[in-house]
Amino acid sequence: MNSNPTDLTLHEWSDLIQKREVSSTDVVRSLLARIQEKESKIHAYIRFDEKAALEKAGHLDNIPTESRKGILWGLPISNKDIICVKGVETTCASKILSGYIPPYNATVVEKLNGAGAILFGNTNMDEFAMGSSTETSAYGVTRNPWDLERIPGGSSGGSAAAVAAGEAIAALGTDTGGSIRQPAALSGCVGLKPTYGRVSRYGLIAFASSLDQIGPITQDVEDTALILQVIAGHDPKDSTSLDIPVPDYRSTMKKGVKGLKIGLPKEYFIEGMDVEVKQSIDDAVKVLSGLGAEFVSCQLPHTNYAVATYYILATAQASSNLARYDGVQYGFRAKQFSSLVDLYFQTRGEGFGEEVKRRIILGTYALSSGYYDAYYLKAQKVRTLIKNDFDKVFDHCDAVLTPTSPSCAFKIGEKMNDPLKMYLSDIFTISANLAGIPGISIPCGFSKEGLPIGLQILGKHFDEATILKVAYAFEQATEFHKKRPDVRRAEGSKL
Amino acid sequence: MNVQKNIDDVAKLARLRLSAVERDKFSRQLEDILSYVENLNELKTEGVLPSYHVQEVKNVTRPDESRPSLDPNSFLKHAPQARDGFFIVPQVIE
């Protein structure tokens, strides 16, 4: 056992619960103690319910060992505030959804409950997942546990910060353009975006429906495999999910990288990239080569067009999806209005934050009469070209390796007045969403200032097993995932 | 392209009340973003099919059989205003 019991991973806690050395109630209590100590500094959560979590843990503890089913038995997993949990207020960190209490569970929540997990608390995020820094939340910023003056990444910044600070053992995130991988990289966690269609989106509040995916943010690769195992698979309630067999990730990932061919796309190693990031990636390539992986240079020639393509498609789909927030059926309604149409205008004007409004405007513009062909249709065609680039690379490569983010975590406020600059911070992650392929970010180094650096591994459609294999091999050979931020250590602790 | 002129039309289409400050700020920023996305025009895309779904899934249907629904009251409970099984909105018919 580690010196500090709250530093344990899901699989370590699980072993102890199965051996009856600790109870689920012990796990939840230790988590609550950590939150009590750190939350005022980090602000990773929008809300959590101590009483409900302890009650559920107590209930699970009372079930006899032989009746226990599920690989996440008794383990609390934190939820991003965009995934519906029945009876728990879910707001997408937006004023417009304040008071919305879902009457049903998302499919991933049903599956996690079925595996014996305890859905614990809703983490902070950029409003409607629109942002790369968790600064657009209506509930205030989340701070990076490695440096409280910096952002934790976004949009799943609350989930990543919670895991990094020990305020969550593991968490769910969602990734539309990098919103799992980028915060995982900037906060020193592991984060995986599954293939589009791998995990059901039923009960995930939609941002950009052709790009959104739910995935885990965890302390190590094994925990990511554990959660993916539970949430992956076809769901008749999501017509975009596919019926493709789910392998046993935890056993396949341990088979080593010998003979795997990994592509290094030259378009991702550009001038202007942070030198420390570049150095860490070069070092990682050496580590994996030493383990028997073969590296080849490859080309993704349309990379330079990905950000523009993404911001047209994502905002257009968002403008359509967010049309449902009109103050009639749920959430916030403006106090002053003169007619039904005015009720829509006032409710939306007051209920949405600035970034969401900016994207609704851009998306509406891209879809409006006379501009549709020039923007939306054009972007959909370029999306095909980007997807074709990856298909060609995967003809002769098993995986692709890149940095997750061109720089380490930036300062709070640094990019808030320049949306384009903020959008460009997603440059290495959005292509995977456009192509629909899976990607994982794992810790691969630290800057001189002590900020985490992330390594991204991209794979073929539905081949999460191979990227987990590469990630696991790298993690086993290195110690980066074991380093903890100072804020995580107990104040006045003798440890 | 004159974004200043268009922004009011777009906001109207989106049913979005913008403050004067937002209107000016968004106009400027949209001009920047739109000129950035112009780079897509460098690419020739004649004959390229648009991507609708990356997996090329089409027309997924389920059997047309009735199934139980959630209790309507579970939805109406959290509505801004509701009565007798209905949502309440301002009068729309004189």
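Below, read A as the first sequence line, B as the second, and so on, with proteins coming before strands; counting in each chain starts at 1. Values below: every heavy atom of this structure, side chains too, minus hydrogens, waters and symmetry copies. Note that the structure is predicted; figures quoted are calculated from it, not measured.
For chain B, the nearby part of A:Leu420 is the side chain; its heavy atoms alone come within less than 4.5 Å. Residue contact with chain A, scored on non-hydrogen atoms closer than 4.5 Å, is absent for B:Asp71. Contact annotation for A:Thr195: only side-chain heavy atoms (C-beta onward) come within less than 4.5 Å of a heavy atom of chain B. With a 4.5 Å cut-off on non-hydrogen atoms, A:Ala435 touches chain B through its backbone but not through its side chain. A:Leu340 touches chain B through backbone and side chain together, each having a heavy atom under 4.5 Å away. Interface remark: A:Ser338 contributes no atoms to any contact with chain B (heavy atom separation under 4.5 Å). Neither the backbone nor the side chain of A:Asp418 comes within contact range of chain B, judged by heavy atoms closer than 4.5 Å. A:Leu211 does not touch chain B: none of its heavy atoms, backbone or side chain, sits under 4.5 Å away. Interface remark: A:Leu434 contributes backbone atoms only to the contact with chain B (heavy atom separation under 4.5 Å). Neither the backbone nor the side chain of A:Tyr311 comes within contact range of chain B; no heavy atoms are under 4.5 Å apart.
For the pair B:Val54 and A:Arg383, the tightest heavy-atom approach, listed with the atom from each and the gap, is CG1-NH2, 3.4 Å. Annotation for A:Tyr371 and B:Asn6: closest pair OH-ND2, 3.4 Å, computed over non-hydrogen atoms.
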(request) Evaluate the side-chain contact (heavy atoms from CB on, under 4.5 Å) criterion for residues A:Tyr330 and B:Leu76: first the C-alpha distance (whole Å), next the side-chain angles of each, then the deciding distance (0.1 Å), finally the verdict. (result) CA-CA 8 Å; A:Tyr330 35 70; B:Leu76 290 163; over 6 Å; no

(request) Given side-chain contact (heavy atoms from CB on, under 4.5 Å), test B:Val10 with A:Leu362 step by step and report yes or no. (result) CA-CA 9 Å; B:Val10 178; A:Leu362 177 59; over 6 Å; no

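Taking the side chain as every heavy atom from C-beta outward, B:Arg17 and A:Asp342 approach each other to under 4.5 Å. Here the side chains of B:His78 and A:Tyr100 are not in contact, with every heavy-atom distance at 4.5 Å or above. Counting only heavy atoms from C-beta outward, the side chains of B:Leu40 and A:Tyr375 never approach each other to under 4.5 Å. Between B:Phe26 and A:Lys357 the shortest side-chain heavy-atom distance falls below 4.5 Å. The shortest side-chain heavy-atom distance between B:Leu13 and A:Ser368 falls under the 4.5 Å cut-off. Put simply, the side chain of B:Val37 does not reach to within 4.5 Å of the side chain of A:Lys378, judged on heavy atoms. Using a 4.5 Å heavy-atom threshold, the side chains of A:Phe332 and B:Pro80 count as separate. At least one side-chain heavy atom of B:Leu18 sits less than 4.5 Å from a side-chain heavy atom of A:Ile361.
Note: A:Gln329 CD to B:Phe75 CZ = 9.5 Å, rounded to the nearest 0.5 Å. One distance of note links CG of B:Leu30 with OH of A:Tyr365; it measures 8.5 Å at 0.5 Å rounding. Rounding to the nearest 0.5 angstrom, the gap separating the OG atom in A:Ser339 from the CD atom in B:Gln91 is 11.5 Å. Atom CD of A:Gln346 is separated from atom CG of B:Leu16 by 11.0 Å, given to the nearest 0.5 angstrom.
Sparse packing is recorded around CZ of B:Phe86, with 12 or fewer heavy atoms of other residues, nucleotides or ligands lying under 6.0 Å away. Enclosure of atom CD in B:Glu42 by more than 12 non-hydrogen atoms of other residues, nucleotides or ligands within 6.0 angstrom is indicated.
Chosen from B:Val89, B:Leu43, B:Leu49, the residue pairing most often with chain A at heavy-atom distances under 4.5 Å is B:Leu43. Interface check for chain B: of the options A:Val382, A:Leu377, A:Leu343, the most heavy-atom pairs under 4.5 Å are formed by A:Val382. Counting heavy-atom pairs under 4.5 Å between each of B:Thr61, B:Val60, B:Val92 and chain A puts B:Val60 at the top. Considering only heavy-atom pairs separated by less than 4.5 Å from chain B, the leading option among A:Leu385, A:Ile437, A:Ile360, A:Ile101 is A:Ile101. Of all the listed residues (A:Tyr423, A:Tyr196, A:Phe337), the one sharing the greatest number of non-hydrogen pairs under 4.5 Å with chain B is A:Tyr196. The candidate from B:Asp32, B:Asn41, B:Leu70, B:Asn39 with the greatest count of non-hydrogen atom pairs under 4.5 Å with chain A is B:Asn39.
Without hydrogens or angle criteria, A:Arg348 side chain to B:Arg15 main chain gives a donor-acceptor distance under 3.5 Å. Remark: the backbone N or O of B:Ser51 is paired with a side-chain donor or acceptor of A:Thr384 at under 3.5 angstrom.
A salt bridge links A:Glu354 with B:Lys25: the distance from a Lys NZ or Arg NE/NH1/NH2 to an Asp or Glu carboxylate oxygen falls below 4.0 Å.
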